[in-house]
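Taking it in order: structure first as structure tokens, then the write-up.
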Amino acid sequence: MKKIAYIGMLLLSFAVLSCASNSAASGASSASYFESNAADFSTETLSNGIPVVFKKNNSGKVYVVRMIIDGGVSLVPESKSGLEGAVLEMVEYGSEKYTYADIQRLKFEQSFSITSSAGYDYSTYSFRCIEKYVEGVLDIYADSFLHPLFNPENFDTLKTEYAENIQRSQTEPSSLLALTMQETAFAGHPYASKPVVTKESFDAITLDAVKEHYKTLLNAKRLKIVVVGELPDPVRKVILDKLEAAFASIPAAEYSRPEIPSFTTGGKTVYKKLEQAGDSGYAFGYFSSPDRTSPEYVPFVIASMFIEDALFAQVREEKGAVYSAGIGIMGGVKILGVLSVYRASKPENLQKYIYDAVDSFPDQREIQERLDHYKNKYITAIFSSAQDTNGVAANIVSSLQNYGDPTKYLHRTEEVQAVTAEQVLTAYRTYFARTPMRAANGKVNPIRWVVVDKDGRFKFDN
């Protein structure tokens with residue numbers, strides 16, 4: 001089963017909605033890109049109301065089927081953090097008909113994978129295989145989800161892994177930083193319930209709790225299915241028929257997506273001492289940011305690219321103060337911006353170096369001169385993240401969950417190209433500027449820092 005990386009639960013990257021072709025990056029217009037891809041989408045509905053989105057993808061005979069379970073860990077009490085992930089991992093262990101040993105043997109013989117992921121706003125259960133085996137793998141996938149064995153020995157193995165992960169989270173600087181960051185930034189928020197099992201929730205994750213929570217996933221109103229592959233008509237029909245035969249039996253109960261409030265930012269710096277940090281410092285500074293659906297989001301991302309280059313040039317190369325420094329986001333439907341510092345080596349003036357780099361942001365004229373470079377960089381990143389069937393499926397899932405439209409990601413390059421220098425400057429002044437003189441309306445967006453080092457030498461003021 002998979003090992004959990006605590007740093008990964010924070011998603012410290014710009015999770016931009018991406019596209020599935022290099023055509024726009026090589027000069028095709030966004031409009032023609034949308035038109036050429038939109039025809040590859042079709043939607044069906046199972047008899048119990050579960051929508052199924054099909055997307056033809058002609059980049060090989062690899063298929064991905066991904067079930068979306070709406071709600072995610074925001075529906076799980078913080079005291080049971082990691083429970084939804086535990087349920088899905090137990091589902092991966094198979095059923096009475098397809099035992100874990102059977103599945104492992106068939107995975108080796110047929111080179112397929114069955115995976116799951118628990119997230120803040122939704123979770124997923126997926127498989128990936130070549131067309132030749134799609135019928136058989138779909139049988140395994142469906143039977144495991146609908147009739148999981150919940151073998152106590154398998155659960156004991158999972159609990160051992162969780163204990164190891166928890167121990168690692170307390171002894172690795174990056175993992176402790178990520179965990180402390182989430183505890184600080186998400187305190188009192190629905191996202192306080194973590195996707196992973198924690199020291200505090202470990203004893204509450206029992207096999208009985210897993211079985212009970214599993215029942216809450218069996219609600220047709222919480223489910224969507226995405227299918228990506230070449231999808232010639234006979235194969236599409238076989239998949240749809242099998243999905244109907246398997247999942248149409250799931251009942252539809254009352255369900256409302258949880259309301260996710262915005263975050264509170266600012267506050268005193270949080271310090272954690274850890275001997276294993278050695279002579280290095282590790283820090284995250286979190287601040288409010290526009291949501292992914294906001295018209296400010298793409299200018300915000302482009303502004304961050306300017307700043308990341310400044311951090312690299314000034315803080316790493318010129319000052320030699322860090323191994324790396326950057327900007328990302330964390331969260332789900334609601335997000336926070338994050339300034340990250342990894343393996344800092346010079347505690348003196350480190351925060352000043354970082355803030356000086358941020359506030360070396362160019363004026364509107366220089367932004368205009370460099371804007372095409374960053375737009376191209378953004379678009380290249382978009383397409384690089386979606387070069388295979390898995391990437392296309394991920395884009396569709398993000399579009400469905402964030403916009404209710406599976407094709408929304410096809411417009412992202414158009415949105416990037418439409419950004420103006422004025423919008424980028426406004427994003428910098430609103431979200432990033434560290435002095436009143438540089439900030440919009442003289443109001444600096446507050447940052448709260450979380451710092452891990454050996455002895456408290458790395459100081460960050462608010």
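Heavy-atom basis, side chains included; hydrogens, waters and symmetry copies ignored.
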Is the shortest side-chain heavy-atom distance between Val298 and Tyr378 below 4.5 Å?
yes

Just wondering, do Ser81 and Ser193 contact through their side chains at under 4.5 Å, heavy atoms?
yes

side-chain contact (heavy atoms from CB on, under 4.5 Å) filter on Ala310, not counting sequence neighbours, yields Gln314, Ala357, Ser360

Pairwise ring-ring contact (aromatic ring centres under 6.0 Å, His included) hits with a residue in residues 262-281, at least two apart:
Phe186-Phe263, His189-Phe263, Tyr191-Phe263

Close side-chain approach of Asn390 to Val62, heavy-atom, < 4.5 Å
no

Show the numbers, then the answer: is there a side chain to side chain donor-acceptor pair (under 3.5 Å) between Asn154 and Glu89?
CA-CA 10 Å; Asn154 297 149; Glu89 290 190 274; over 6 Å; no

How would you list, by chain and number, every residue that makes a side-chain contact (heavy atoms from CB on, under 4.5 Å) with Thr407, sequence neighbours excluded?
Phe34, Phe41, Asp405, Leu410

Any ion pair linking Glu369 and Arg365 (charged N to carboxylate O, less than 4.0 Å)?
yes

Checking side-chain polar atoms at under 3.5 Å, does Thr171 have a donor or acceptor matched by the opposite partner on Gln276?
no

Return a table of donor-acceptor pairs under 3.5 angstrom between the side chains of residues 429-438 and protein atoms on other chains or two or more places apart.
from, atom 1, to, atom 2, distance (Å)
Arg429, NE, Arg438, O, 3.3
Arg429, NH2, Ala439, O, 3.4
Thr430, OG1, Thr426, O, 2.7
Tyr431, OH, Glu296, OE1, 2.7
Arg434, NH1, Phe432, O, 3.4
Arg434, NH1, Asn445, O, 3.0
Arg434, NH2, Asn445, O, 3.0
Arg438, NE, Asp359, O, 3.4
Arg438, NE, Tyr428, OH, 3.0
Arg438, NH2, Asp359, O, 3.2
Arg438, NH2, Phe361, O, 2.6

So, do Ile69 and Phe145 sit near enough that their side-chain heavy atoms are less than 4.5 Å apart?
yes

Using side-chain heavy atoms (C-beta onward) and a distance below 4.5 Å, is Val196 in contact with Asn165?
no

Once ring pair (Phe, Tyr, Trp, His ring centres under 6.0 Å) is applied, do any residues pair with Tyr282, and if so which ones, sequence neighbours excluded?
Tyr342

So, do Leu339 and Leu311 sit near enough that their side-chain heavy atoms are less than 4.5 Å apart?
yes

Where at least one partner belongs to residues 433-462, residue pairs that pass ring-ring contact (aromatic ring centres under 6.0 Å, His included), sequence neighbours excluded:
Trp449-Phe460

Does Lys408 come within less than 4.0 Å of Glu415, counting only side-chain N to carboxylate O?
yes

Side-chain contact test, heavy atoms from C-beta onward, threshold under 4.5 Å: evaluate it for Val338 versus Met181 and give yes or no.
yes

Less than 6.0 angstrom separating the ring centers of Tyr409 and Tyr403, yes or no?
no

Pair Lys273 + Asp455, salt bridge at N-O below 4.0 Å
no

Full working for salt bridge (charged side-chain N to carboxylate O under 4.0 Å, His left out) between Asp309 and Arg370
CA-CA 12 Å; Asp309 282 355; Arg370 298 164 58 188; 5.1 Å; no

